[in-house]
Amino acid sequence: MTYRGKLHVIASAAGHLFELYANGSFPVFEAEWKPSWQISANKFSKKYYMLLQQLSKKASLFVNACDYDIEGSVIGYNIIRFFGDIKRAKRMKFSALTKDEILKAYNSMSELDYPYINAGIARHYVDWLWGINVSRFLMRSLHKVSKKRITLSAGRVQTPTLYEVISKEFKRETYVPEPYFRIKLTVTLGSIPYSFTLSKIFENKKDAEKVAELLKKGYLEVVKVERINKTLERPPPFNLGDLQAEAGRIFGFSPYKTERVAEELYLEGLISYPRTNSQKIPPSVNVEEIIKELGKGPYGFLVSKLNSMVVGGRYLIKQGKEEDPAHPAIYPTGEKPGKITKDALKLYELIVRRFLASASGDANINSIKVVTRVHPLEYVEELNFQSVVNPGWLSIYTYTQVKSFQGYIDIKEGTKIPISKVSIALEISKPEARYTKVSLLKWMEKVGIGTEATRGNIIEILFKRKYLSQKGKYIYPTPLGISIVNVLKENFPELVSVKLTTEMENMLKDVQRGKIDKDQAIELVKRKLSEYFTKYSNIEEKIGLALAKPLGLVKYEKCEICELEAFKDKLCEWHFEALKNLKEKINLWKIRTGYSEGVIIKKLYKSSATGIYTKEVIKKYFLDDVSHAN
DNA sequence: GCAAGGTC
Ligand SMILES: [Zn+2]
């Protein structure tokens, strides 16, 4: 384009066109930037590379207009320094690809942003040095012992993620639930029988029985009735993490799949840039125009619903808390979908409904809180009944359903409600849930490792390495994954912890502020790794052996129940822990319930709260006894 | 071949 009398040529990169690269030696501390297309099997970036190289020959000024974050700064810097001239270069900064923001950024462009560039370069080196060297160390060690070449890896993001799955799973699968008792009452509300469980917890069955006996002659007295009108606020538009969570919940998509399909929609021009953490839509996005366009398409009926809710004709998008330096939240462009896959259409509709919901109205809920005294005891019990009086956004975003109490509640202060039935319920404690791909991604988000663009993929890498496996929707570690974590935790403790990322980010901030030089920061990592590998030159066999065992490449003493290495009493650490927990908890069960061991074992074996390793221990050592005894 | 980060 010609603007203000000057010819401007705008050409796009496609992510990093250059990557760090070195030969195959070990340890390796020197790396150079090399064109991505020369390294990777995928040559897609070559055409972008060639074009930018050609155009750069004729340019008098170079402007980096990549994403306004440290990666965007590195992407543009590398292109300018390898093809152009960093002395004739500028930086544009904007957080949404809208006319307003682009014009503003154009009119206020700055010199090249070295604080960001240097921090970005340091980030690349730190990850490369740790990842390449430790991965090579693992593979060399295994090769020494087994002569096998098997791809193994470790890294700042993938290793803490693997460690998290394993530590959570260790607790989950060796879990033995504890018993407790609660009292269930059935009363008549108006003309409807209504059952609920008293909140009071009884550790021992006998205590619960005593109280239940008293309640048979008891009643509920209504102490207070409160009617509260609550609002259920409409949700903000999607960032990628929320989209991945919802597509997982609703369609069963993995986070990686959602990211891929979202990219497809983006390239089709149907949605805005998907790899964003923002839940906000800035005023520079023309929401009115987008909704008008959507109204003409297949989702026009949703726009009609929306318009019936909005007063005054102005849409007010609910803004979320999460932010992104380079992009707004995900929104539909208003373009009509052409021929796209079934999955793409599902995801598109989800994004459309969420966007329209964020522009619609909050739902109104009528909630009745009934405070009762349970006679003849002094328990105060709260009963809550809610019904949706105005669905608002719930009628557009129909993936979220709110239960409504059906029926009329005719009670007021002083009303006495007879108890028609009393029973005792055995309840058991619940363990923390197993990870799914989605909940693992949410964990990564929470602790702050990885980015929108990488989290889904890094989870898939752990599966490709056969460190993790999936059954149904749940994730389980493999023996190889367990050995990898054991080896890394013992020898490179930094690498299993999220702290490595926190500390790296602090270091990057110092580089940005000029408190330390990027080369100094990189040097510190090299020194640390160098010390490690000098120290470990004579333990490669030991480490190789630990990795060869789960791969079945060497003989070793196995657990009596599984393939893991025996740890104590012919059991692996996991089965040993499960047996220990089980023995302790059986006693607790006996005291609290008065059940025989046989009954307890059967209940535990049947319960979904009991861990897998616990069940295997039960099967091996207890179950036969039980069937003989009976 | 190996990381994590871009994007195809
Ligand atoms: Zn075992």
Side-chain angles (χ1 to χ4, degrees), chain A residues 12-28 31 33 35-37 39-49 64 66-79 116 119-143 148-162 240 256 259-268 273-276 325-327 444 448-462 464-465 467 484 488 492 494-495 500-501 504-505 508 525 529 547:
Chain A
S12 94
H16 287 285
L17 298 184
F18 298 87
E19 282 171 67
L20 288 175
Y21 179 81
N23 63 26
S25 58
F26 173 83
V28 56
W33 294 96
S36 293
W37 62 269
I39 302 168
S40 147
N42 192 340
K43 308 280 176 233
F44 83 91
S45 73
K46 187 176 178 180
K47 49 185 183 291
Y48 297 86
Y49 177 98
N64 179 10
C66 288
D67 284 0
Y68 183 36
D69 54 30
I70 63 172
E71 299 301 332
S73 292
V74 174
I75 292 169
Y77 174 70
N78 277 338
I79 291 167
Y116 263 32
I121 291 173
R123 203 283 304 153
H124 276 263
Y125 272 95
V126 170
D127 279 336
W128 188 89
L129 287 165
W130 271 104
I132 299 296
N133 282 295
V134 176
S135 297
R136 286 182 184 174
F137 178 72
L138 294 172
M139 289 184 278
R140 273 167 61 95
S141 300
L142 177 63
H143 182 255
K148 285 267 192 298
R149 298 233 177 257
I150 291 172
T151 301
L152 299 171
S153 65
R156 175 178 58 82
V157 180
Q158 64 170 254
T159 303
T161 305
L162 177 63
L240 183 63
Y256 182 69
E259 191 274 330
R260 292 289 75 205
V261 177
E263 170 73 7
E264 217 179 297
L265 294 170
Y266 170 58
L267 294 176
E268 282 288 320
Y273 182 83
R275 285 175 290 272
T276 173
H327 303 280
M444 295 169 82
I449 58 174
T451 68
E452 283 62 44
T454 59
R455 286 182 196 117
N457 189 35
I458 287 173
I459 291 172
E460 296 305 319
I461 288 172
L462 295 174
K464 243 181 251 163
R465 301 275 175 271
Y467 296 168
I484 287 279
L488 294 176
F492 305 94
E494 296 92 335
L495 203 52
L500 185 60
T501 293
M504 182 192 76
E505 282 169 352
L508 296 183
V525 177
L529 287 169
L547 299 174

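Just so it is clear: chains get the letters A, B, ... in the order the sequence lines come, proteins before strands, and each one is counted from 1. Remember, predicted model here, so these are calculated numbers, not experimental data.
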Using a 4.0 Å heavy-atom cut-off across all strands, classify A:A13 as base, sugar-phosphate, or nothing. nothing
Exercise. Which part of the nucleic acid, if any, lies within contact of A:R465, taking any heavy atom under 4.0 Å across all strands shown: a base, the sugar-phosphate backbone alone, or nothing?
Worked result: sugar-phosphate
Looking at A:T151, I'd like to know whether one of its side-chain N or O atoms comes within less than 4.0 Å of OP1 or OP2 on B:dG1. no
### Message
Less than 4.0 angstrom between a side-chain N/O of A:R123 and OP1 or OP2 of B:dA3, yes or no?
### Response
no
Here the distance between atom C1' of B:dA4 and atom CD of A:E452, to the nearest Å, is 14 Å
Discussion item. For A:L20, is there any backbone N or O sitting under 3.5 Å from a side-chain donor or acceptor partner on A:Y125?
Written reply: no
Can you tell me if the side-chain N/O atoms of A:Y273 get under 4.0 Å from OP1 or OP2 in B:dT7? yes
To the nearest angstrom, the CD1-C1' distance between A:I79 and B:dG5 comes to 14 Å
Among side-chain atoms of A:N42 and A:S40, is any donor-acceptor pair under 3.5 angstrom? no
Practice prompt. Using a heavy-atom cut-off of under 4.0 Å over every strand shown, decide if A:E19 touches base, sugar-phosphate, or nothing.
Written response: base
To the nearest angstrom, the CG-C1' distance between A:D127 and B:dA3 comes to 6 Å
Does A:R275 have a side-chain nitrogen or oxygen under 4.0 Å from the phosphate oxygens OP1 or OP2 of B:dT7?
-> yes
Per nearest nucleotide of DNA chain B, the residue lying toward the 5' end, A:L267 or A:F137, is A:F137
* When you check the phosphate oxygens OP1 and OP2 of B:dA3, does a side-chain N or O of A:S153 lie under 4.0 Å from one of them? -> yes
Subject >> Residues A:E259 and A:R455 bridged, charged N to O under 4.0 Å >> reply: no
*asked:* For B:dG6 and A:S36 - does any side-chain N or O of the residue sit under 4.0 Å from the phosphate oxygens OP1/OP2?
replied: no
Check: When all nucleic acid strands are considered with a 4.0 Å heavy-atom cut-off, which category describes A:L17: base, sugar-phosphate, or nothing?
Finding: nothing
When rounded to whole Å, the OH to C1' distance for the pair A:Y21 and B:dG5 reads 19 Å
Note: for A:S135 and A:D67 on DNA chain B, the residue whose nearest nucleotide lies more 5' is A:S135
From CG of A:L142 across to P of B:dC2 the rounded distance in Å is 15 Å
For this session: Evaluate the side-chain proximity of A:Q158 to A:L462: yes if any heavy-atom separation is below 4.5 Å, no if none is.
Result: yes
Hits for side-chain contact (heavy atoms from CB on, under 4.5 Å) against A:I132, two or more places apart or cross-chain, chain-then-number order -> A:V28, A:W128, A:R136
Rounded to whole Å, CD1 of A:I461 lies from P of B:dC2 at a distance of 9 Å
How would you label the contact of A:W130 with the nucleic acid (heavy atoms, under 4.0 Å): base, sugar-phosphate, or nothing?
-> nothing
Sequence neighbours excluded, the answer for side-chain contact (heavy atoms from CB on, under 4.5 Å) partners of A:E19 is A:S36, A:I39
When rounded to whole Å, the CD to P distance for the pair A:E259 and B:dG5 reads 13 Å
To the nearest angstrom, the CG-P distance between A:L162 and B:dA3 comes to 13 Å
**Asked** How is A:G24 classified with respect to the nucleic acid when contacts are heavy atoms under 4.0 Å: base, sugar-phosphate, or nothing?
**Response** base
